[in-house]
Amino acid sequence: MSEKDNDIAAWQASIGDLPEHIAIIMDGNGRWANARGLPRTAGHKAGVEATRRAVRSTAELGVKYLTLFAFSSENWRRPEAEVRELMRLLRIYLRSETADLHKDDVRLRVIGDKAMLAADTRQLIDQAESLTAQNNGLQLTIALNYGGRDEIAFATQAMIKDYSEKGYVPDIEEVETRYKSFLMTKDMPDPDLLIRTSGERRISNFLLWQCAYSEFVFTDVLWPDFDKADLMYAIEEFSGRDRRYGNAVCHSRSNKS
Ligand code: IPE
Ligand code: IPE
Ligand code: MG
């Protein structure tokens, strides 16, 4: 074992239960650029570097699922030039990163309404998803043109279609247990830890169904400055929380159900 591996093993032991799934609302690119007298797009470019770092660090620290909010269904309201630049950066990220992600055994998936994305962007996504589909390392999900209410509306419609074919109205218990299988996140556990950078303390339509029992960690750090130490700090904060799931006593993740 290298010294770095030893350090990580010692840190993991000090944490106890690592979060299995971390979701991040990557916010503050515009303010980061503004503080430097740069255009917002420079902030987005620096944000891509922070994203690369976060993916690497999450895998290194032994967390299995990472879901990143990259573009919300409301972000189309931004100036056209900014939206265009965000999409361009996404394509650059996919082109430059997919091979390395594959080499590192990362599985990449995109959630969100892909139908509204440009054909070349969709093609890059499809290629990355199929190339990495069998990988068992970090399960990386990028939320792109994603909105929590949109997802719930899509899932509800799919469920209605399913039951109209089946020909009966399910009871509430059945709706709740089957609902997850209609969500875009059906193959992953709910986030244990949700991090939002840049000092904002809201969910902004991210993973509304899935965050029912997530622990939230808010940091003032702007996304382009977010690094491995900030990620470790958020996990340390998470590890000090009591998760009760409605019970009177503290339950660890392993006996939550
Ligand atoms: C996050 O940074 C990136 C996206 C939402 C695409 P922002 O662009 O929201 O940065 P601020 O919040 O204006 O600083
Ligand atoms: C949320 O950030 C969306 C992403 C990080 C992609 P926003 O910057 O769009 O959220 P609001 O507008 O501050 O709520
Ligand atoms: Mg923002």
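When a ligand or atom number is given, it counts from 1 through the structure's own listing order. Treat the numbers as computed from the prediction; the structure is a model and nothing was measured.
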TODO: Heavy-atom distances under 4.0 Å are what count here, so tell me which part of Ala70 touches ligand 2: side chain, backbone, both or neither.
DONE: backbone
Report the nearest protein non-hydrogen atom to [atom]: residue, atom name, distance rounded to 0.1 Å.
{"atom": "atom 9 (O) of ligand 2", "value": "Asn75 ND2, 2.9 Å"}
{"atom": "atom 2 (O) of ligand 2", "value": "Arg196 NH2, 3.6 Å"}
{"atom": "atom 3 (C) of ligand 1", "value": "Asn29 ND2, 3.5 Å"}
{"atom": "atom 1 (C) of ligand 1", "value": "Met26 O, 3.1 Å"}
{"atom": "atom 14 (O) of ligand 2", "value": "Ser204 OG, 2.6 Å"}
{"atom": "atom 10 (O) of ligand 1", "value": "Gly30 N, 2.9 Å"}

Open item on the list: Distance to the ring centre below 6.0 angstrom and angle to the axis at most 45 degrees; does that hold for Arg78 and Trp76?
Closed with: no
Open item on the list: Ring centres under 6.0 Å, that's the criterion: do Tyr168 and Tyr163 meet it?
Closed with: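 Yes, the ring centres sit under 6.0 Å apart.
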Open item on the list: salt bridge (Lys or Arg N to Asp or Glu O under 4.0 Å), that's the test. Do Glu20 and Lys64 meet it? Break it down for me.
Closed with: CA-CA 6 Å; Glu20 189 182 11; Lys64 186 78 186 170; over 6 Å; no
Task: Protein non-hydrogen atom below 4.0 angstrom of atom 12 (O) of ligand 2 present - done: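 False for atom 12 (O) of ligand 2.
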TODO: For Arg243 and Arg241, indicate whether the former's side chain and the latter's backbone hold a donor-acceptor pair under 3.5 Å.
DONE: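 Absent.
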Open item on the list: Tell me whether Glu200 has any N or O atom under 3.5 angstrom from an N or O of ligand 2.
Closed with: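 Min N/O separation from ligand 2 is not below 3.5 Å for Glu200.
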TODO: Would you check whether Ser72 has a nitrogen or oxygen atom less than 3.5 angstrom from a nitrogen or oxygen atom of ligand 2?
DONE: no
- [ ] Going by the side-chain hydrogen bond (donor to acceptor under 3.5 Å, both in side chains) test, name the single residue among Arg40, His44, Lys45 that passes it with Asn29.
- [x]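 Running side-chain hydrogen bond (donor to acceptor under 3.5 Å, both in side chains) over Arg40, His44, Lys45 with Asn29 returns exactly one hit, His44.
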- [ ] Could you list the atoms of ligand 1 found under 4.0 angstrom from a heavy atom of His44?
- [x]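 By the 4.0 Å cutoff, the relevant atoms are 3 (C), 8 (O).
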Open item on the list: In this structure, does ligand 1 have an atom that sits under 4.0 Å from one of the heavy atoms of Ser198?
Closed with: no
Open item on the list: Less than 3.5 Å apart, any donor N or O on the side chain of Arg52 or Ser57 sitting next to an acceptor on the other?
Closed with: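 The criterion, which ignores hydrogens and geometry beyond distance, is not satisfied for Ser57 and Arg52.
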Open item on the list: I'd like to know if the side chain of Thr132 pairs up with that of Asn135 as donor and acceptor (distance under 3.5 Å, no hydrogens or angles considered).
Closed with: no
Open item on the list: Around atom NZ of Lys4, are there more than 12 heavy atoms from other residues, nucleotides or ligands closer than 6.0 Å?
Closed with: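 Count not over threshold, so no.
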- [ ] Tell me, yes or no, whether the heavy-atom count around Lys161 atom NZ, taken from other residues, nucleotides or ligands under 6.0 Å, exceeds 12.
- [x]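 At most 12 heavy atoms, drawn from other residues, nucleotides or ligands, come within 6.0 Å of this atom.
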TODO: May I ask which of Glu82, Arg78, Arg31, Glu74 has a heavy atom nearer to atom 8 (O) of ligand 1 than the others do?
DONE: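 Ranked by closest heavy atom to atom 8 (O) of ligand 1, first place is Arg78.
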TODO: Evaluate side-chain contact (heavy atoms from CB on, under 4.5 Å) for Phe216 paired with Ile203, printing each intermediate quantity in order.
DONE: CA-CA 10 Å; Phe216 288 18; Ile203 195 161; 4.0 Å; yes
TODO: In plain terms, say whether Glu74 and Arg77 are close enough for a salt bridge, that is, a side-chain N and a carboxylate O under 4.0 Å apart.
DONE: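 Salt bridge between Glu74 and Arg77, a charged N being under 4.0 Å from a carboxylate O: no.
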Open item on the list: Under a 4.0 Å threshold between the charged nitrogen and the carboxylate oxygen, would Asp187 count as salt-bridged to Arg109?
Closed with: yes
Open item on the list: Suppose I only count heavy atoms of Phe71 and a 4.0 Å limit; which atoms of ligand 2 are within that range?
Closed with: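 In order of number, 6 (C).
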TODO: Would you mind listing which atoms of ligand 2 come within a distance below 4.0 Å of any non-hydrogen atom of Arg202?
DONE: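 In order of number, 11 (P), 13 (O), 14 (O).
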Task: Residue and atom, protein N/O/S, under 2.8 Å of the Mg ion (ligand 3) - done: Asp27 OD1
TODO: Would you check if Arg95 and Leu124 make a side-chain contact, meaning some heavy-atom pair closer than 4.5 Å?
DONE: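 With C-beta onward as the side chain, the pair touches.
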